[in-house]
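Data block below; observations after.
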2 protein chains.
Amino acid sequence: MTGTRREVPNDPGRKDRILDAALDVIAEWGVHRTTHRKIAERARVPLGSLTYYFDGLDDLLAQAFARLADTMSELYRATLQKAASAQEAEAAVVDLICGPAYATARDMTLIFEMYAYANHNPAVATTTRAWLHRSRGSLALHFPPHVGQALDVLVEGWPMHRTFDRTPPDRALVAATVHAIVTGVPSPSGT
Amino acid sequence: MTGTRREVPNDPGRKDRILDAALDVIAEWGVHRTTHRKIAERARVPLGSLTYYFDGLDDLLAQAFARLADTMSELYRATLQKAASAQEAEAAVVDLICGPAYATARDMTLIFEMYAYANHNPAVATTTRAWLHRSRGSLALHFPPHVGQALDVLVEGWPMHRTFDRTPPDRALVAATVHAIVTGVPSPSGT
DNA sequence: CCCTAGTGTGTACATCAGTACAGTCTTTTC
DNA sequence: GAAAAGACTGTACTGATGTACACACTAGGG
């Protein structure tokens with residue numbers, strides 16, 4: 001009658017390890033072909049664990065993608081926060097597009113999977129939308145809203161092309177495009 | 001001994017109907033959760049047909065995505081070919097980004113699925129790469145290579161954002177961004 | 001009009017996946 | 001140190017899925 005006796009998990013951090021393993025499996029196999037068993041094996045965890053911690057595979061994937069979005073958002077914001085001038089801000093955007101930290105091949109694969117999956121899972125759709133807004137917010141540290149919106153499109157689209165193109169990123173071209181947008185896109189019509 | 005006697009299928013066009021049905025199923029359910037049976041039902045075709053015409057599900061999906069890429073490429077090129085001046089070319093790019101013809105919600109869903117799947121299927125990767133090059137080629141009708149590359153990123157990235165944002169496209173902003181790139185991105189460094 | 005060769009189909013099967021749950025282990029309290 | 005309560009696991013089960021293949025159908029030729 002001492003109230004709840006145990007509230008501490010035997011293996012703390014287990015949940016996160018499962019989520020990381022899930023992302024590994026998704027990156028390697030795609031969401032189609034991702035199974036409880038593959039994730040359990042990767043995480044060195046018994047199969048039963050997955051149904052214990054998660055409410056089915058959809059829930060597990062949703063939480064894994066949420067974790068991914070979090071990590072990427074942090075990186076996105078950190079990259080922009082380091083910039084101390086307008087010039088450095090432009091350079092930061094170029095870094096986001098060309099890497100090497102952000103938008104690695106694995107990242108892009110996962111992002112593709114997430115976007116595809118988001119169209120069939122409301123929770124992941126919400127996560128994705130939130131991520132978009134956080135990116136906008138980070139860009140707002142240095143750029144007016146309209147410019148930020150256009151730049152975010154670049155950060156989104158360019159690595160996608162690179163993923164399939166296989167050509168190394170042309171930093172000069174990216175920098176020129178970023179600069180063209182920063183200097184050439186006017187403020188909202190109201191001004 | 002009359003050589004091959006029959007070379008005409010009993011039901012010509014059946015294959016294409018299956019591929020169209022496959023795209024419908026993918027758009028509605030996602031590649032994960034796409035099954036032979038769902039496609040067969042949608043196409044009003046017996047299950048055995050699918051293994052008769054296609055070499056497994058991967059092959060079917062690959063051909064379905066190839067069909068999608070073809071259709072989209074045609075539309076992309078047609079839109080740009082209509083433009084008769086530099087100004088009209090810019091407007092055409094804005095149309096590609098904002099619709100209504102190109103990049104509908106269904107299109108975007110399918111494109112996401114295709115990109116995700118391409119990372120796990122070499123044939124679809126090739127299809128995707130080819131599509132990218134065809135887009136570049138179409139843009140080359142009006143723009144120098146560097147500008148075309150940057151514009152293509154916009155055509156790719158902007159509808160993606162719109163898909164999740166749910167906000168109607170801001171044509172003025174898109175037009176301004178396109179214009180900024182066309183006028184602000186210099187030719188290759190060699191010049 | 002029947003025969004043939006190629007087109008197409010219904011069904012059955014082996015496999016695998018998601019999930020539930022009876023049972024085991026671990027930690028805490030007294 | 002033992003008992004209890006919650007944390008965790010091994011396994012079994014149901015259903016669905018990809019695929020093969022023996023069979024039926026259709027269209028020409030003689």
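Note that the structure is predicted; figures quoted are calculated from it, not measured. Throughout, protein chains are lettered first and strands after them, A, B, ... in sequence-line order, and every chain is numbered starting at 1.
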- Quick one: the dot-bracket string of DNA chain C, using Watson-Crick and G-U wobble pairs with both distances under 3.5 Å, [ ] for crossing pairs and | for bases paired to another strand. ||||||||||||||||||||||||||||||
- For L139(A), the option from V155(A), V147(A), D152(A) that meets side chain to side chain contact (heavy atoms under 4.5 Å, CB included): D152(A)
- Query: Are any of the side-chain nitrogens in D16(A) or R67(A) under 4.0 Å away from the carboxylate oxygens of its partner?
  - Reply: yes
- Query: Heavy atoms under 4.0 Å, any strand shown: does F54(A) hit a base, just sugar-phosphate, or nothing?
  - Reply: nothing
- Would you mind reading off the distance between R44(B) atom CZ and dT9(C) atom P, rounded to a whole angstrom? 15 Å
- Note on the structure: Here the distance between atom C1' of dT19(D) and atom CG of D58(B), to the nearest Å, is 13 Å
- Flag the pair R33(A) and D58(B) as a salt bridge only when some basic side-chain nitrogen lies within less than 4.0 angstrom of an acidic carboxylate oxygen. yes
- Separation of dG18(D) C1' from L57(B) CG (nearest whole Å): 8 Å
- Query: What distance do L23(B) atom CG and E113(B) atom CD have between them, rounded to the nearest 0.5 Å?
  - Reply: 11.0 Å
- Query: Do R134(B) and E74(B) meet the salt-bridge criterion of a basic N to acidic O distance under 4.0 Å?
  - Reply: yes
- Task: Give a yes or no on whether a salt bridge exists between R42(A) and E28(A), defined as a side-chain N under 4.0 angstrom from a carboxylate O.
- Result: yes
- Note on the structure: In terms of heavy-atom contacts, L132(B) and H161(A) come closest through CD2-O, 3.8 Å
- Specify whether H120(B) and H32(A) have parallel, tilted or perpendicular ring planes, treating 30° as the upper limit for parallel and 60° as the lower limit for perpendicular. perpendicular
- Task: Report the relative orientation of the aromatic rings in Y115(B) and F112(A); use parallel for angles under 30°, tilted for 30 to 60°, perpendicular for over 60°.
- Result: perpendicular
- Using a heavy-atom distance cut-off of less than 4.0 Å, which residues of residues 14-39 of chain A contact DNA chain D? R14(A), R37(A)
- Message: Assess the residue pair R136(B) and D165(A) against the criterion (salt bridge (charged side-chain N to carboxylate O under 4.0 Å, His left out)); give the C-alpha distance rounded to whole Å, side-chain angles, the decisive distance to 0.1 Å, and a yes or no.
- Response: CA-CA 12 Å; R136(B) 284 297 156 72; D165(A) 238 1; 3.4 Å; yes
- Task: Mind calculating the distance between CG (D59(B)) and C1' (dG18(D)) to the nearest angstrom?
- Result: 14 Å
- Query: Looking at Y53(A), does any N or O in its side chain come under 4.0 Å of the phosphate oxygens OP1/OP2 on dA7(D)?
  - Reply: no
- Query: Rounding to a whole Å, what distance do you find between D55(A):CG and dA20(C):C1'?
  - Reply: 13 Å
- Item | Side-chain N,O (S49(A)) to OP1/OP2 (dC8(D)) below 4.0 Å | no
- Message: Can you tell me which nucleotide in dG18(D), dT9(C), dT9(D) comes closest to the side chain of P46(A)?
- Response: dT9(D)
Anything under 3.5 Å between a protein N or O and an N or O of nucleotides 20-23 of chain D, put it in a table, one pair a line.
none

- Query: Is any side-chain N of the basic residue among K82(B) and D95(B) closer than 4.0 Å to the acidic one's carboxylate O?
  - Reply: no
